[in-house]
Amino acid sequence: MLIKKPTDIRSSEITDKKLYFNSREFIQAATGTAAAAAAGVLGSEALLHAATPAPHGRKLDNVKKSPLSADERTNKWEEITTYNNYYEFGTDKDEPSMLARNFKPEPWTVTVEGECNNKAAWHLEDILKGQTLEERIYRHRCVEAWSMIIPWVGFPLADFIKKCDPTSKAKFVEFTTLYDPKQMPGVRSPVLRWPYVEGLRMDEAMHPLTILTVGLYGEVLPNQDGAPLRLAVPWKYGFKHIKSIVKIKFVEKQPLNTWQLQASNEYGFYANVNPTVDHPRWSQATERRIGEFLRRKTLMFNGYGDQVASLYAGMDLKRNY
Ligand code: MTE
């Protein structure tokens, strides 16, 4: 993103960037000194081990297959859990796999605020009570021009929004990630303005493809992928997929999302995958599917145009990027 452009990302990055030692600059930024980190500020475990795939977690019960799944070969658990953007745990792709190991996603509360009739603090168990979980195999396209196919487990955000009972003033939904400097070393450095915030227009939020995600490959979500609750909006660039959500607020005005705040000339609010609108510093016409050698053509709306193009009828997508 702002930090790395696609040409900076070596195709061998997943396998050869093994040693945490490579991340020493980040540790220094996060803690003041590498010595402080070694003394246990980040946990000595993270310093001694290489990036490793997430441990397997609790199996989720009664997960249904979804007809909305993409019929494509899914990326491996190892790829999905060692190649992450989660700046609260470091700006390198392998850092979240090491620095999120001790993150505690339980117990978890999501506060619902703003223009709705049911403002409340929800325990995650209560959000999930009686909720059917589905496996949704989604194309996941990062603005940095890499992609994966990911078998998320989740449920329509619309199901939860209905429980919150938004008022007629609710035009957008704003999401906020946990901000916890004790658990998240990345937020101790001002690389982004914290906490991470994202937003959707109400019709985007209510769209059946938009899901709140609680699992991966049939198991609870690994920490580095945004445990215990993250968003998946498959026709949008990955930065809309906010992780570890603690607040959902219904608002009248379009929220200012973190990456737009960071660099409004590079990242917009809509962030629809669009091969015809280049990022100012690189092309969006093609992408590198993690695990593949040849680049692929990027598809308009990430291949979900039939389902979502009508949401943007009449809008200038070159201006509303
Ligand atoms: N959410 C938070 N809280 N912090 C982040 O840094 N990165 C975003 C998004 N959600 C990010 C975040 C970006 S840029 C991408 S591409 C996706 O998470 C990556 O999700 P993944 O690691 O599950 O592939």
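Here, residue 1 is the first one in the sequence, and each next residue gets the next number. The figures here come from the full heavy-atom set of this structure, side chains too, leaving out hydrogens, waters and symmetry mates. Atoms within a ligand are numbered from 1 in the order they appear, just like the ligands themselves.
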| Okay, side chain of T286, backbone of K297: is any donor-acceptor separation there less than 3.5 Å? | no

| Structural part of E144 in contact with ligand 1, heavy atom criterion under 4.0 angstrom | neither

| Electrostatic pair K236:E198 at N-O distance under 4.0 angstrom | no

| Sub-3.5 Å N/O-N/O distance, Q224 and ligand 1 | no

| Pairing of E135 and K65 as salt bridge, 4.0 angstrom limit | yes

| message | By the definition ring-ring contact (aromatic ring centres under 6.0 Å, His included), identify the one residue from Y312, Y304, W235 that meets it with H207. | response | W235

| Six-ring centre of F269, K240 cation under 6.0 angstrom, axis tolerance 45° | yes

| message | With nothing but distance in play, are any N or O atoms of H140 less than 3.5 Å from an N or O of ligand 1? | response | yes

| remark: Exactly one candidate in K93, R141, R295, E287 meets side chain to side chain contact (heavy atoms under 4.5 Å, CB included) with W146; the answer is K93

| Y179 near ligand 1, heavy-atom distance under 4.0 Å? | no

| Among A271, G238, G90, closest by any non-hydrogen atom to atom 17 (C) of ligand 1 | G238

| message | Looking at ligand 1, would R230 count as a contact under a 4.0 Å heavy-atom criterion? | response | yes

| request: Going by heavy-atom distance to atom 5 (C) of ligand 1, choose the closest among F175, Y196, F89. | output: Y196

| request: Under 4.0 Å, heavy atoms only, figure out whether ligand 1 is touched by the backbone of K240, its side chain, both or neither. | output: neither

| field | Check: N274 side chain, M300 main-chain N or O, donor-acceptor pair, under 3.5 Å | value | no

| query | Between the candidates M184, E79, E88, K243, which shows the shortest non-hydrogen contact distance to atom 4 (N) of ligand 1? | reply | E88

| In ligand 1, which numbered atoms sit nearer than 4.0 Å to a non-hydrogen atom of W152? | 23 (O)

| field | Under 3.5 Å: N/O of W259 near N/O of ligand 1 | value | no

| field | T177 contact mode with ligand 1 (heavy-atom cut-off under 4.0 Å) | value | side chain

| said: Need the ligand 1 atom indices (1-based, order shown) with element for anything under 4.0 Å from a heavy-atom of C142. | reply: 16 (S)

| task | Any chance you could lay out the side-chain contact (heavy atoms from CB on, under 4.5 Å) test for L200 and F172, step after step, and finish with the verdict? | result | CA-CA 6 Å; L200 293 174; F172 296 88; over 6 Å; no

| message | Do the side chains of R136 and E134 get close enough for a salt bridge, i.e. N-O under 4.0 angstrom? | response | yes

| query | Do any nitrogen or oxygen atoms of W146 lie less than 3.5 angstrom from nitrogen or oxygen atoms of ligand 1? | reply | no

